Amino acid sequence: MFVAQQLRKKSIAEYILYMWQVEDLIRAYGCSLTRIKREYIDQFDYDEERKEDMVDWYGNLVTMMNQEGKRERGHLQINVIILQDLADLHVRLLGSTKFPFYNAEYYKVLPFIVELRNKGHKEQNEIETCLEALYGTMLLRLQKKEISPDTLHAIKEITTFIGMLSDYYLKDKEEGLVFDED
């Protein structure tokens, strides 16, 4: 909860990846708030008030997962909306002449995006494809599995691209980006 709050202010992409991890953590505990509290939250060296805040936060997420039918797979609507906002911003950035560095970075990662989409979900938008690649790599690292040099190169490029998009997202939310006039 506290990490999510900090990440949302700092990097929306990291926030999404963190929230996907939280969704998986909730599933790992069988969507049981009792288990999450006992086996996860109680392990933290927090005061009781902070622990109760975490229980409330996880409880709300468990409720949403149950109501939205996300107990087995998929992402919560709150995360889907942010992902769609990122995808919409991506399209606006590409359509503007005011962001040449973003466009250049996009065309640098486009071959990786095409390759990933051909291997996976063709119906996903490009931003979700990139984030899933980053999330998958994070899971491989957590499992201490080997990652090929080609994959590491692709992930490095995708990280740079998604980082740029995330920065533009925050700037747009804080100041409002100015795009070409129609």
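What you see is a predicted model; the values in this text were computed from it and never measured.
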Please determine whether residues [X] and [Y] belong to a single hydrophobic cluster, defined as Ile, Leu, Val, Met, Phe, Trp and Tyr linked transitively by side-chain heavy-atom distances below 4.5 Å.
| X | Y | result |
| --- | --- | --- |
| Val91 | Val109 | no |
| Leu25 | Leu142 | yes |
| Val22 | Ile78 | yes |
| Leu131 | Leu140 | no |
| Tyr18 | Ile81 | no |

Exercise for the section: Measure the acute angle between the ring planes of Phe44 and Tyr46, then classify it against the limits of 30° and 60° as parallel, tilted or perpendicular. Expected result: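 Parallel.
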Exercise for the section: Hey, can you tell me if Trp20 and Tyr135 have their rings parallel, tilted or perpendicular (30° and 60° cut-offs)? Expected result: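 Answer is perpendicular, since the angle exceeds 60°.
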Donor-acceptor pair, distance only, cut-off 3.5 Å: does the side chain of [X] make one with the backbone of [Y]?
| X | Y | value |
| --- | --- | --- |
| Glu128 | Leu83 | no |
| Asp172 | Tyr168 | no |
| Thr137 | Ala133 | yes |
| Ser166 | Ile162 | no |

Could you grab the distance from atom [atom1] of [X] to atom [atom2] of [Y], nearest 0.5 Å is fine?
| X | Y | atom1 | atom2 | answer |
| --- | --- | --- | --- | --- |
| Ile158 | Leu165 | CD1 | CG | 13.0 Å |
| Met64 | Glu23 | CE | CD | 9.5 Å |
| Leu93 | Tyr169 | CG | OH | 13.0 Å |
| Glu52 | Trp57 | CD | CH2 | 15.5 Å |
| Gln84 | Asn125 | CD | CG | 6.0 Å |
| Glu157 | Leu110 | CD | CG | 12.5 Å |

Problem - Step-by-step salt bridge (Lys or Arg N to Asp or Glu O under 4.0 Å) determination, Asp53 to Arg50 - result: CA-CA 5 Å; Asp53 288 344; Arg50 195 162 187 182; over 6 Å; no
Practice task
Using only heavy-atom distances, determine whether the side chains of Tyr102 and His90 contain a donor-acceptor pair under 3.5 Å.
Solution key: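 There is such a pair between these side chains.
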For the residue pair [X] and [Y], what are the closest heavy atoms and their distance?
| X | Y | result |
| --- | --- | --- |
| Lys9 | Leu170 | O-CD1, 3.5 Å |
| Ala4 | Tyr15 | O-CD1, 3.3 Å |
| Val80 | His75 | CG2-O, 3.7 Å |
| Lys10 | Glu14 | NZ-OE1, 3.4 Å |
| Gln77 | Glu68 | N-OE1, 2.7 Å |
| Arg71 | Gly30 | NH2-O, 3.3 Å |

Handout entry: Candidate pair Gln124 and Glu132, rule side-chain contact (heavy atoms from CB on, under 4.5 Å), full reasoning
Key = CA-CA 10 Å; Gln124 282 180 341; Glu132 282 199 359; 2.9 Å; yes
Side-chain heavy-atom pair [X], [Y] within 4.5 angstrom cut-off:
| X | Y | result |
| --- | --- | --- |
| Ile16 | Asn79 | no |
| Phe112 | Ile155 | no |
| Arg117 | Ile113 | yes |
| Arg8 | Ile82 | yes |

Handout entry: Verdict with reasoning, Glu126 to Tyr106, per side-chain contact (heavy atoms from CB on, under 4.5 Å)
Key = CA-CA 10 Å; Glu126 294 172 322; Tyr106 168 70; 2.7 Å; yes
Handout entry: Gln43 atom CD, neighbour heavy-atom count above 12 within 6.0 Å
Key =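 Count over threshold, so yes.
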Handout entry: Neighbour count >12 (heavy atoms, 6.0 Å) for atom CD, Glu72
Key =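 Atom CD in Glu72 is not crowded, with 12 or fewer foreign heavy atoms closer than 6.0 Å.
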